[in-house]
Each structure stands twice: as structure tokens, then as C-alpha cells.
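Mind looking over this structure? Questions follow.
Convention: sequence-line order gives letters A, B, ...; per-chain numbering from 1.
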Amino acid sequence: MARFIDDLRRTHYCGQLRATDIGREVVLFGWVAHRRDFGGCVFIDLRDREGIAQVVFDTDYVAGEVERIPALLLRGEAFQEEAVVAGAHALAEEVRREWVIGVRGVVVHRGEKNKNPKLATGEIEVRVAEAVVFNRAETPPFAIEDDIATDEEVRLRHRYVDLRRGSMQRTLRLRHRLNQATRSFLSEAGAIELETPILCKYTPGGARNFLVPSRLSPGKFYALAESPQLFKQLFMVAGFDKYFQIVKCFRDEDLRLDRQPEFTQIDIEMSFIAQDDIFRLLESLMFRLFQETGIADLPALFPSGRFPQLEFAESMRRFGNDKPDLRFGLELVELTELAILHEGGGLPLAQEIVAKFANGTYRRDVPAEIVKAFVIPASAGFARPQLEAFEQGLREIKGCKGLARAKVAADGSWTQSPLSKHVSDAFRLAINEATGAKENDVICFQFGDPDVVNAALSKLRLDVAKKMGLIPQSGHGGEWRFLWVVNPPMFERTDEGGWVAAHHAFTRPADECVPLLETDPARVNCYRYDLVLNGFEIGGGSIRLHDPEVQERVFRVLGIGAVEAREKFGFLLDALRSGAPPHGGIAIGMDRLAMLATGAPTLREVIPFPKTNQGVDLMSQAPVIVDRAQLDELKVASTVPREG
RNA sequence: GGGGUGGUAGUUAAGUCGGUUAUAACGCCGGCCUGUCACGCCGGAGGCCGCGGGUUCGAGUCCCGUCCACCCCGCCA
């Protein structure tokens with residue numbers, strides 16, 4: 001039987017020791033964080049998941065009164081023997097960073113002069129009588145400290161070492177608390193935690209699926225679930241009434257700082273509820289999560305207990321996207337109607353657009369091209385090179401040709417702008433008034449396709465706010481602007497002039513829009529909602545269509561016939577006809593929520609083993625090429641030429 | 001698929017107009033040290049300058065290609 005672990009069991013975590021433990025004999029296990037060697041006396045900072053304790057190897061030390069570990073007391077073992085202490089000291093001379101060791105010793109006061117206020121355990125230290133080395137670790141590629149400058153690539157390659165750092169430990173333990181609080185809250189709310197398949201049937205449309213070949217059904221494939229969407233609706237049909245799950249989802253799409261190929265959702269579905277019931281439940285859930293993790297006092301920030309709601313159309317108009325960051329103002333200004341009123345106001349780009357409204361090519365209620373502006377305030381104090389850098393940033397947006405700028409002079413005239421020569425005085429003054437632009441403000445214009453105009457200006461709005469310091473480059477900056485974005489359009493135009501569901505075909509159209517299904521699909525909105533926090537979409541959901549009659553009308557708009565509907569959605573349609581209650585739900589991106597809550601700059605910081613932008617795990621090297629024999633067994637052939 | 005930034009010692013970075021043996025800090029190794037806690041002092045080792053090609057008397061530096069990482073667009077209902 002080994003002396004340590006079997007015989008000498010751990011009595012405390014290093015980080016737990018306090019002055020109240022003085023005089024107690026303890027056994028600690030941990031990693032060597034630092035060693036300070038003074039020859040006769042060696043200090044080691046011993047680290048475990050709870051923190052750091054200083055342990056001292058001192059050949060001269062003689063123990064006073066010691067409160068012995070009962071088993072050792074019973075056996076009549078002496079606290080220290082000279083040879084054992086000398087052995088421990090020799091061991092301490094040899095120890096290196098990140099070695100895993102165990103010590104037996106006594107907790108003593110450090111003495112007033114030697115206290116370390118930076119450590120939670122700084123009042124005490126452990127005088128070591130006996131020690132063991134469990135693992136002579138290789139020198140780590142980077143320091144195991146909270147703040148390191150090391151490139152993320154290196155950290156991911158050695159993730160098991162990176163995760164040893166206190167900041168990573170705290171982040172992942174926060175995720176544990178989020179999980180725990182989610183489970184207890186939703187259970188208390190009457191929801192039942194149910195599991196759904198990961199290996200699913202492939203469904204066309206939406207995100208790309210990862211495919212898994214079936215060995216038992218040669219030539220056939222499963223798809224990894226991109227979400228439990230269908231199954232959670234079936235739970236409602238089955239009468240479970242309220243469901244939740246903390247579930248992994250898989251999407252084979254290109255990655256971003258807030259997108260991983262596999263990610264975790266808090267998935268919820270409820271029956272016999274209205275949209276507002278979902279909102280209230282989620283608001284309470286967020287309150288609870290932020291309270292139990294100690295991240296923010298949301299009741300103080302939202303005294304009504306409710307998050308604000310914003311119409312989708314208003315969000316697009318004022319902010320240019322459907323996930324506005326409300327931590328700052330700088331709203332966009334819609335100028336299309338003004339341009340029509342002024343017949344283009346002398347600006348060629350505006351005149352072209354206005355002409356199409358005039359000749360009836362474009363509808364004013366759903367315009368195909370628009371004119372919009374954004375004002376960079378004079379107070380930002382940006383010089384021309386900075387303004388050009390913003391313009392350069394917009395070149396990332398496909399279809400954006402550039403940025404028309406005009407600097408406003410004291411008399412309201414425009415300078416430093418190609419527009420100033422063309423614009424009529426009346427239009428210029430009207431724009432100054434509409435935008436509220438004052439002396440030295442810079443008005444930025446976009447003309448054309450609303451998607452491009454809004455993408456460009458919403459990016460500009462964010463770029464400017466970050467450069468002005470209105471929001472930090474990343475992180476929450478201590479602000480928590482939750483927001484519901486509601487009532488978006490049900491359909492989008494396809495390139496061929498037809499319609500596709502903007503979200504999915506089973507979203508319920510808003511009651512007052514149902515008559516428009518046949519007459520004007522562009523104006524049909526639906527019971528779809530996104531929860532937004534500080535400019536990130538952290539969740540979304542909808543009230544589902546439970547009425548087969550309306551469902552068929554929606555399919556007709558989408559040009560989906562009975563045969564095709566059956567082929568695509570077969571069992572769901574059957575299920576919805578088998579007694580479907582009115583129902584709806586939502587899914588919250590747990591990783592994004594954790595990222596925002598911790599102020600982490602990327603999703604990778606809150607995922608233990610994340611993938612790179614190319615979907616590669618730098619530690620395991622997944623994905624990898626497999627043997628020909630493995631492919632043969634699956635009856636799968638690769639079209640990629642094999643190396644060698 | 002497209003645009004951008006980067007890649008030099010274990011780590012983070014410097015490296016001028018193309019020119020001698022590629023620097024520094026931290027880390028690492030050896031030695032000394034009984035009150036340190038970013039210990040200190042003395043000494044030392046450590047390089048496929050991402051990879052491949054080209055220009056040149058000469059390339060970390062210039063050119064072409066390529067790989068990897070990151071940010072963004074498309075994409076992600």
C-alpha cells in the first residue's frame with residue numbers, strides 16, 4: 001500500500017487552508033506552481049483547483065503542539081523524524097514547475113512580517129515533514145497563470161495544460177453553475193428534461209448537416225442533429241406539456257469567434273402558451289442564472305422584471321440588423337422617403353433609386369433599394385485616415401462599393417465630399433435636420449440594396465462605437481442590455497422570385513397576417529423571436545403552427561405541394577395531425593451566454609476543447625484520414641486523391 | 001468560395017536600404033543562498049527565421065506559390 005493516497009489521504013484542498021487551521025496536521029496534493037530555493041529552506045507554491053498554499057521545506061524546523069491526523073495519532077507515529085524531513089528537503093531541491101507532489105505537514109502562522117495579502121491562504125503556510133513526487137512533469141510550453149500572452153494556437157495544442165490555469169478553471173466552473181441553475185430552475189418551472197437523438201434523419205434546408213455513414217445500412221447516412229427542433233415538437237404532441245434539455249447541436253457551417261461546429265443549447269418547448277409566456281419564463285431564467293453565478297444584479301437593471309421588446313422592422317431601420325447592441329446610441333437614419341420627396345436632391349445615386357419608385361418598379365412599403373445615413377459625431381475627433389480606415393472596413397461586406405462621406409461645416413454646408421458639388425441645398429438641409437448633424441459631424445451614406453446598406457451601416461456603427469470607446473473591443477463592459485426582437489417577416493424572396501421561409505415552415509404567422517398569406521406574403525410577419533444581449537443573438541424561437549389548414553396555406557406560398565411536403569416533413573405532418581396542442585419554444589446558446597457572462601473574447605474561451613476556424617482540434621488533430629479498410633466497411637469512397 | 005492580419009529560440013517579441021557570428025525578456029539547465037512569494041546573484045545551453053521555389057555574389061528581409069492560426073463577408077431557418 002502506498003504511503004501517500006492510500007495511507008495518507010488528502011485532508012484539505014490547498015486553496016482552502018485558513019488561519020483557523022493553524023496547528024493542524026494536513027495532507028495536500030497538487031501541482032508545483034513556483035519554487036523559491038534558499039538552500040537550507042525551500043518555498044513551494046502548491047496549487048490545486050481551489051487555489052495556492054505555500055509549503056515550506058526547512059531542515060531546522062521543530063514542530064510545537066500539533067493536532068495530529070487521527071489515524072496517525074492512533075498509530076503513535078511521530079510528527080517528524082529527522083531522516084524523513086531531510087528526505088523531503090532533498091526532494092524539494094529537485095522539484096520543478098508543474099510536478100505533481102504530495103506533502104504532509106503542519107499549518108503554521110507565517111508571522112506578521114511574512115504574510116502575503118495577495119493570497120487567500122497568505123496568512124498561513126505548511127511546514128512539511130514528509131513529501132512524495134507523483135509525476136515529474138515536463139516543463140510546460142507556457143506559464144500556468146491567469147494572464148498569459150501566449151498565442152491561442154499554442155494553448156489549444158496543449159489544452160490540458162491550458163485548462164490548468166485558474167482563469168480557465170473559473171470559467172468552466174461557471175459553466176457548471178449555469179448548467180446546475182438551468183436544470184433546477186426549469187425543473188421547478190415544471191419542465192421535464194428529456195433526451196433526443198443525435199443520429200437523425202437528414203433534413204434539407206437550414207444549416208448543413210454532418211453526415212455519419214451507416215455500417216448496417218450500406219450507402220445510407222445519418223445526420224448529426226443541428227437542433228432537436230422536430231423532436232421537441234413531438235414531445236408536445238405526446239403531451240409532455242413542458243420540455244427542456246441542455247443539448248449538443250452540430251452544424252457544418254463556416255466558423256466565427258461566436259460559432260463552433262458543435263455547441264450547446266438550452267432547448268425549451270411548451271404547450272398551450274403564448275409568446276409572452278416564453279418571454280416571462282426566459283426572463284426569469286436569465287435573472288436566476290445571473291444571480292446564481294453572481295455575474296450581475298439583473299432585477300436592479302430591469303426593475304419591471306421584463307426585457308424590452310423591439311419590432312424586427314424597427315431594429316433594421318434604427319440599427320441595420322436584428323441583433324442591435326443597445327449599449328450605445330448612434331442610430332442609423334432612414335432617408336429614402338426624404339430622397340423621394342426631394343426627387344434625389346441632385347445626388348445621382350439617389351436619383352436612380354427615386355426614379356424606380358416614381359415609375360412603379362419599387363414598392364414603398366417594401367423597398368428594394370434604400371438611402372440611409374449614419375453620423376460620426378464630431379466629438380469622436382476622428383481625422384481623415386481614421387475615416388478612411390472605417391471605409392476600408394466596409395470593403396469586407398460583399399456588395400458594398402464604398403462609403404460616401406460628407407463633413408458638415410458651421411453653416412451647414414458639406415465639405416471634404418464628392419457629394420457637396422451635386423446635392424441641392426434643400427436636400428442637404430433636410431438631411432442635416434433629419435440626421436441632426438452639427439458642425440464637424442461626418443455624415444456617412446449608403447445607397448441601394450437594403451441588405452447591403454444595412455450590413456454596411458450596422459458594421460460601421462459598431463466599428464465607430466468601439467473606436468470611440470463607447471463599448472470595449474470585447475466583453476460586456478459591465479452592461480447587460482437584453483432585448484427581445486419580435487415580429488419578423490415570415491417569408492423571404494428567392495432569387496427566382498418565389499418565397500422561402502425566413503426561419504422555418506412551421507412558424508405560426510401572426511394572427512392579423514394570416515389573411516395576407518395569399519395576397520401579400522411580403523407583409524406576413526410571424527411569432528418568431530430572438531433574445532439579444534449586447535449585440536449578440538443568444539437565443540431564438542417561435543410559436544409553431546399547429547393548425548393543418550394554415551400549414552397547407554403556408555406550404556402553398558412556399559410552392560411546396562402535398563407530395564413534396566410529405567417527402568420532406570412526413571412524420572412531423574402526421575404528428576401535427578394526430579392531436580397537436582398549440583405550442584412553441586426557444587433555444588438559448590449556452591456557449592454564447594457563457595462567453596458574454598464571463599466577458600470572454602471568443603466562444604473558444606468557454607469551451608474546454610474547441611476547434612479552430614477550420615474545424616480542427618489542434619490537440620487530437622481531428623479530423624483525420626482513415627484507413628481504406630474503414631471506408632470499405634462503411635461502403636464509402638473518398639473522391640479526394642490520397643497522398644503517397 | 002472571397003477579403004484582411006500574422007507566422008523568427010520553449011514563450012512573447014525586435015530585426016534598419018538585401019551585407020560580418022540573427023537580438024532581448026521571460027522560461028530552461030548548472031552553481032550559491034534560511035523568509036521568499038514575479039526571490040536574488042553568478043554562469044550556460046537553446047534557431048528548418050512556417051514550408052517550397054525564384055531573383056541575387058549574398059535573402060529572416062525582395063518576388064511567386066503553399067500551409068497554418070486569427071478577424072470579417074458569403075453561409076449559419
Exercise. Could you please name the option among B/U36, B/U12, B/C75 that lies closest to any side-chain atom of A/R208?
Key: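 Given the options B/U36, B/U12, B/C75, the side chain of A/R208 is closest to B/C75.
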
Practice problem: Between B/U36, B/C71, B/U12, spot the one nearest the side chain of A/T602, thanks. | Solution: B/C71

Self-check item: Between P of B/G74 and CG of A/D451, the distance in whole Å
Solution: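 After rounding, the gap between these two atoms is 9 Å.
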
Quiz item: Going by the ring pair (Phe, Tyr, Trp, His ring centres under 6.0 Å) test, which pairs reach into residues 35-54 of chain A, not counting sequence neighbours?
Solution: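 Matches after skipping sequence neighbours: A/F38-A/F43.
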
Quiz item: side chain to side chain contact (heavy atoms under 4.5 Å, CB included) with A/K611: which residues, sequence neighbours excluded?
Solution: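 A/K611 satisfies side chain to side chain contact (heavy atoms under 4.5 Å, CB included) with A/Q260, A/P261, A/E262 once adjacent residues are dropped.
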
Between the protein and nucleotides 29-32 of chain B, which nitrogen or oxygen pairs come in under 3.5 angstrom?
unit_1: B/C29; atom_1: OP1; unit_2: A/R96; atom_2: NE; d: 2.9
unit_1: B/C29; atom_1: OP2; unit_2: A/R96; atom_2: NE; d: 3.4
unit_1: B/G30; atom_1: OP2; unit_2: A/R96; atom_2: NH2; d: 2.8

Exercise. Taking the side chain as every heavy atom from C-beta outward, state whether A/I101 and A/V32 have any atom pair closer than 4.5 Å.
Key: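 SC-SC contact between A/I101 and A/V32 confirmed.
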
Quiz item: Could you give the CG-to-P distance, from A/D151 to B/C71, as a whole number of Å?
Solution: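 After rounding, the gap between these two atoms is 11 Å.
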
Quiz item: What does A/I52 touch in the nucleic acid at a heavy-atom separation under 4.0 angstrom: a base, only the sugar-phosphate, or nothing?
Solution: nothing

Quiz item: With sugar-phosphate meaning primed atoms plus P, OP1 and OP2, does A/R251 contact a base, only sugar-phosphate, or nothing at under 4.0 Å between heavy atoms?
Solution: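 Sugar-phosphate, no base atom in range.
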
Quiz item: To the nearest angstrom, how far is A/D258 atom CG from B/C70 atom P?
Solution: 14 Å

Quiz item: Counting side-chain heavy atoms from CB outward, which of B/C71, B/C75, B/C37 is closest to A/L257?
Solution: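 The answer is B/C71, which lies nearest to the side chain.
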
Quiz prompt | Base B/C37 to side chain A/R35, donor-acceptor N/O within 3.5 Å cut-off | solution = no

Quiz prompt | Those residues that, when tested against A/R493, pass salt bridge (Lys or Arg N to Asp or Glu O under 4.0 Å) (two or more places apart) | solution =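 Partners of A/R493 by the salt bridge (Lys or Arg N to Asp or Glu O under 4.0 Å) criterion come out as none, since no residue qualifies.
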
Exercise. Go through the structure and list residues passing salt bridge (Lys or Arg N to Asp or Glu O under 4.0 Å) with A/R604, not counting sequence neighbours.
Key: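 For A/R604 the salt bridge (Lys or Arg N to Asp or Glu O under 4.0 Å) partners, ignoring immediate neighbours, are A/E152.
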
Quiz item: Looking only at atom C1', what distance separates B/C49 and B/G60, rounded to whole Å?
Solution: 5 Å

Exercise. Under 4.0 Å between any heavy atoms, over every strand shown, what does A/Q473 touch: base, sugar-phosphate, or nothing? Just pick one.
Key: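 Nothing, no heavy atom under 4.0 Å.
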
Quiz item: Just to confirm, is there a sub-4.0 Å distance from OP1 or OP2 of B/A38 to any side-chain nitrogen or oxygen of A/K118?
Solution: yes

Quiz item: Any salt bridge between A/D37 and A/R35, counting N to O under 4.0 Å?
Solution: yes

Exercise. Return the 5'-most residue of the pair A/K459, A/G615 with respect to RNA chain B, ranking by each residue's nearest nucleotide.
Key: A/G615

Self-check item: Partner nucleotide, any strand, of B/U16 [Watson-Crick/G-U, under 3.5 Å]
Solution: none

Quiz item: Taking CD from A/E98 and C1' from B/G27, how many angstroms apart are they, rounded to a whole number?
Solution: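 Answer to the nearest Å: 13 Å.
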
Practice problem: Report which part of the nucleic acid A/Q229 touches: base, sugar-phosphate, or nothing (heavy-atom distance under 4.0 Å, all strands). | Solution: base

Exercise. Using the C1' atom on both, measure B/G6 against B/A14 and round to a whole Å.
Key: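 That atom pair is separated by 16 Å.
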
Quiz item: Can you tell me how far P in B/U8 sits from the matching atom in B/C62, rounded to whole Å?
Solution: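 My reading of the P atoms in B/U8 and B/C62 gives 16 Å.
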
Quiz item: Rounded to the nearest Å, what distance is computed from the CD1 atom of residue A/I44 to the P atom of nucleotide B/U34?
Solution: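 Computing the A/I44:CD1 to B/U34:P distance gives 17 Å.
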
Exercise. Find the distance A/R259:CZ to B/C75:P and express it as a whole number of Å.
Key: 10 Å

Exercise. Under the side-chain hydrogen bond (donor to acceptor under 3.5 Å, both in side chains) rule, collect the residues that match up with A/E82, sequence neighbours excluded.
Key: none

Quiz item: So which of residues 603-613 of chain A are in contact with RNA chain B, with a heavy-atom cut-off of under 4.0 Å?
Solution: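 Contacts with RNA chain B under 4.0 Å: A/R604, A/T612, A/N613.
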
Quiz prompt | Side-chain heavy atoms of A/L234 within contact of A/L572, under 4.5 Å | solution = yes

Quiz item: Residues in side-chain hydrogen bond (donor to acceptor under 3.5 Å, both in side chains) with A/N487, at least two apart?
Solution: A/E311

Exercise. Quick one: which residue pairs count as a salt bridge (charged side-chain N to carboxylate O under 4.0 Å, His left out) with a foot in residues 461-471 of chain A, not counting sequence neighbours?
Key: A/K459-A/D463

Quiz item: Under the side-chain hydrogen bond (donor to acceptor under 3.5 Å, both in side chains) test, which residues partner A/N534, sequence neighbours left out?
Solution: none

Quiz prompt | Shortest non-hydrogen contact between A/L403 and A/C444, atoms and distance | solution = CD1-CB, 3.7 Å

Self-check item: Those residues that, when tested against A/T139, pass side-chain hydrogen bond (donor to acceptor under 3.5 Å, both in side chains) (two or more places apart)
Solution: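 Testing A/T139 for side-chain hydrogen bond (donor to acceptor under 3.5 Å, both in side chains), a comparison that skips the adjacent residues, returns none.
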
Quiz item: Between A/G206 and A/T59, which has a closest nucleotide on RNA chain B that is more 5'?
Solution: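 Checking each residue's closest nucleotide, the 5'-ward one belongs to A/T59.
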
Quiz item: According to the Watson-Crick and G-U wobble definitions, with both distances under 3.5 Å, which nucleotide is paired to B/C75?
Solution: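 Across all strands, not a single nucleotide pairs with B/C75.
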
Quiz prompt | Nearest-Å distance once atom C1' is located in both B/G46 and B/C28 | solution = 9 Å

Quiz item: Nearest to the side chain of A/E226 - B/A77, B/C39, B/U34?
Solution: B/A77

Practice problem: Write down the distance separating the C1' atoms in B/A9 and B/U5, rounded off to the nearest Å. | Solution: 24 Å

Quiz item: Which nucleotide in the list B/A77, B/C37, B/U34 gets nearest to the side chain of A/S227?
Solution: B/A77

Exercise. Can you check each nucleotide of nucleotides 1-10 of chain B against protein heavy atoms at under 4.0 Å and return B for base, S for sugar-phosphate only, - for none, in 5' to 3' order?
Key: B-B------S

Quiz prompt | Complement of B/C70, any strand, by Watson-Crick or G-U distances under 3.5 angstrom | solution = B/G4

Quiz item: So what does A/D252 touch, heavy atoms closer than 4.0 Å: a base, only the sugar-phosphate, or nothing?
Solution: nothing

Practice problem: Figure out the CG/P separation between A/L255 and B/C68, and round it to whole Å. | Solution: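 Interatomic distance, CG of A/L255 to P of B/C68: 14 Å.
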
Self-check item: Integer angstrom distance from the P of B/C68 to that of B/C63
Solution: 22 Å

Practice problem: May I ask you to verify if any side-chain N or O of A/R97 is less than 4.0 angstrom from the OP1 or OP2 atom of B/C28? | Solution: yes

Quiz prompt | Pairwise C1' distance, B/C73 and B/G47 [rounded to whole Å] | solution = 39 Å

Exercise. For B/G43, give its Watson-Crick or G-U wobble partner with both distances under 3.5 Å, or none.
Key: B/C29

Exercise. Mind checking A/G39 for me? I need base, sugar-phosphate or nothing, with any heavy atom below 4.0 Å counting as a touch.
Key: base

Practice problem: Using whole Å, report how far CD1 of A/I586 lies from C1' of B/A77. | Solution: 15 Å

Exercise. Determine the Euclidean distance between corresponding P atoms of B/A24 and B/G15; express it in Å to zero decimal places.
Key: 15 Å

Quiz item: Does the side chain of A/Q233 come within less than 4.5 Å of A/H583's, by heavy atoms?
Solution: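 Yes, at least one pair of side-chain atoms sits under 4.5 Å.
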
Quiz item: So, is A/R36 close to the B/U36 phosphate, meaning a side-chain N or O under 4.0 Å from OP1 or OP2?
Solution: no

Self-check item: Presence of salt bridge, A/D530 and A/K323, under 4.0 angstrom
Solution: no

